[in-house]
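Small disclaimer: the values here were computed from a predicted structure and weren't measured.
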Amino acid sequence: KMLLPFRMCAQVPSAVVIVAGILTYHHTLSGVLFWQWFNQSYCAILNYTNRNATSKVTNQHILMAYTSATTGAVAMSVLLNRMVITTHSLSGRLVPFFAIALANAINI
């Protein structure tokens, strides 16, 4: 059974809340850690819920992909935030998107 928040039709409304959190709290370390972890966890559960049930992907493989993507996203966010901490321009707002893009690349 698929829970409603993890169906593909709920991805956009859920993503609005997640993106708002990521963009609002990207200046604090605790905000970066929480929102990047929350985003990757939501995406992992969403993808797991909507997977092909006959796929032969093991739980170990799923856990490795989740851990790698989450670690990559958090590390990229923290690193880029430290690099652009003195600027309050658009580059600081783009940090979360680069982190999420890295996590997506890791998952592929």
Task: Side-chain touch I62/T58, heavy atoms, less than 4.5 angstrom - done: no

Task: Mutual orientation of the aromatic rings belonging to F38 and W35 [parallel < 30°, tilted 30-60°, perpendicular > 60°] - done: perpendicular

Open item on the list: Could you go through Q36 and I100, starting from their C-alpha distance and side-chain angles, then the distance that decides it, and tell me whether this counts as side chain to side chain contact (heavy atoms under 4.5 Å, CB included)?
Closed with: CA-CA 8 Å; Q36 290 294 337; I100 293 168; 3.8 Å; yes

- [ ] Apply side chain to side chain contact (heavy atoms under 4.5 Å, CB included) to L46 and M8, showing your working.
- [x] CA-CA 7 Å; L46 180 88; M8 281 301 192; 4.0 Å; yes

Open item on the list: Looking at every heavy atom in both A10 and P13, which two are closest together, and how far apart are they?
Closed with: O-CD, 3.4 Å

TODO: Flag yes if V84 and I22 sit in one hydrophobic cluster, no otherwise; membership is Ile, Leu, Val, Met, Phe, Trp, Tyr, and two members link when side-chain heavy atoms are under 4.5 Å apart.
DONE: no

- [ ] Report yes or no: do V17 and L23 belong to one cluster of Ile/Leu/Val/Met/Phe/Trp/Tyr joined by side chain heavy-atom distances under 4.5 Å?
- [x] no

TODO: Could you tell me whether a side-chain N or O of N50 sits under 3.5 Å from a main-chain N or O of F6, the two making a donor and an acceptor?
DONE: yes

Task: Closest contact, heavy atoms only, Q40 versus A69 - done: OE1-CB, 3.6 Å

Open item on the list: Counting only heavy atoms not in R82 (residues, nucleotides, ligands), do more than 12 fall under 6.0 Å from its CZ?
Closed with: no

- [ ] Indicate, with yes or no, if Y42 and I45 share a hydrophobic cluster defined by side-chain heavy-atom contacts under 4.5 Å among Ile, Leu, Val, Met, Phe, Trp and Tyr.
- [x] yes

Task: Step-by-step side chain to side chain contact (heavy atoms under 4.5 Å, CB included) determination, T49 to L3 - done: CA-CA 8 Å; T49 303; L3 297 175; over 6 Å; no

Open item on the list: With clusters defined by side-chain heavy atoms of hydrophobic residues (ILVMFWY) lying less than 4.5 Å apart, directly or transitively, does V57 cluster with M64?
Closed with: no

- [ ] Check whether L29 and F34 end up in the same hydrophobic cluster, where Ile, Leu, Val, Met, Phe, Trp and Tyr are linked by side-chain heavy atoms less than 4.5 Å apart.
- [x] no

Open item on the list: Checking S41 against Y66 for the side-chain hydrogen bond (donor to acceptor under 3.5 Å, both in side chains) test, could you report, in this order, the C-alpha distance in whole Å, the side-chain angles of both residues, the deciding distance, and whether it holds?
Closed with: CA-CA 8 Å; S41 297; Y66 166 74; 2.7 Å; yes

Task: Nearest-0.5 Å distance, CD1 of residue I106 to OG1 of residue T67 - done: 11.0 Å

Open item on the list: Please determine whether side chain to side chain contact (heavy atoms under 4.5 Å, CB included) holds for the pair S77 and F98, giving the CA-CA distance in whole Å, both sets of side-chain angles, and the decisive distance to 0.1 Å.
Closed with: CA-CA 8 Å; S77 286; F98 288 121; over 6 Å; no

